[in-house]
Amino acid sequence: MTFQELDACIAGSGRRSIASALIAFILEALDDGQDGVDLDNFQGHTHFVRNNVTTVASYLQLHGIIQVLYYRDGAEKRQYESVNNYGRWVKQHYRPSRALIQLHRRD
């Protein structure tokens, strides 16, 4: 992936501001040693509408930019799944794809 391809994908999301902010937020978390970010944390910092964020996240996942994982809040140990097996009370967690990591850390 190139930066131009990433930019085209961001533009294609129809919500450039949310897509750009989500990718930046994920990459900053990666730089801070985290594996990704939770939707609740991202939304709390940006105040974007939840439905819009989840729609953009699904689009970015479909295009291989990020990975959307699901977990149930309140469990002793957080267990991530790639499929929503928890129903409507599921929480979302976003991680960068391998392609995004390689683009971010290229030399």
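All of these numbers come straight from a predicted model, not from anything done at the bench. Position 1 is the first residue of the sequence; numbering continues from there.
The closest side-chain heavy-atom distance from Leu30 to Arg105 is below 4.5 Å. Taking the side chain as every heavy atom from C-beta outward, Ile23 and Leu6 approach each other to under 4.5 Å. By the 4.5 Å heavy-atom criterion applied to side chains, Leu103 and Phe3 are counted as neighbours.
The minimum heavy-atom distance between Phe48 and Ala21, with the atom names listed, is CE1-CB, 3.8 Å. Heavy-atom minimum distance, Gln79 versus Tyr86: O-OH, 3.8 Å. Across every non-hydrogen atom of Leu60 and Cys9, the tightest pair is CD2-SG, 4.3 Å.
Put simply, CD on Glu28 and CD1 on Ile26 are 11.0 Å apart, with the number rounded to the nearest 0.5 Å. In this structure, OG1 on Thr54 lies 7.0 Å from CG on Leu39, to the nearest 0.5 angstrom. Here the CG-CD distance, from Leu100 to Gln67, works out to 12.0 Å after rounding to the nearest 0.5 Å. In this structure, CD in Glu5 is found 8.5 Å from CD1 in Ile65, a value given to the nearest 0.5 Å.
Partners of Gln92 according to the side-chain hydrogen bond (donor to acceptor under 3.5 Å, both in side chains) rule, which considers only residues two or more places apart in sequence or in another chain, are Tyr94. In this view, Phe25 and Phe42, His45 satisfy the ring pair (Phe, Tyr, Trp, His ring centres under 6.0 Å) rule, not counting sequence neighbours. Every residue meeting the salt bridge (charged side-chain N to carboxylate O under 4.0 Å, His left out) condition with Arg78, not counting sequence neighbours, appears here in chain and number order: Asp38. Residues passing the side-chain hydrogen bond (donor to acceptor under 3.5 Å, both in side chains) test with Asn51: none are found, sequence neighbours excluded. Taking Gln34 as the reference, Ala29, Asp32 meet the side chain to side chain contact (heavy atoms under 4.5 Å, CB included) condition, with sequence neighbours excluded. Applying the side chain to side chain contact (heavy atoms under 4.5 Å, CB included) test to Ala99 and every residue at least two apart in sequence or in another chain returns Met1, Ser97. Listed by chain and number, the residues in a salt bridge (charged side-chain N to carboxylate O under 4.0 Å, His left out) with Arg50 are Asp40 (sequence neighbours excluded). Remark: Ser20 pairs with Ile10, Arg16 by the side chain to side chain contact (heavy atoms under 4.5 Å, CB included) rule, at least two apart or across chains. For Asp35, the salt bridge (charged side-chain N to carboxylate O under 4.0 Å, His left out) partners at least two apart in sequence or on another chain are Arg95.
Through direct or relayed side-chain contacts under 4.5 Å between Ile, Leu, Val, Met, Phe, Trp and Tyr, Tyr80 connects to Leu69, Tyr71. Listed by chain and number, the hydrophobic cluster partners of Val83 come to none, as no ILVMFWY side chain reaches under 4.5 Å of it.
The hydrophobic cluster containing Ile101 also contains Val37, counting ILVMFWY residues as joined when their side-chain heavy atoms lie under 4.5 angstrom apart, directly or transitively. Linking ILVMFWY side-chain heavy atoms closer than 4.5 Å, directly or via other members, places Leu22 and Val49 in two distinct hydrophobic clusters.
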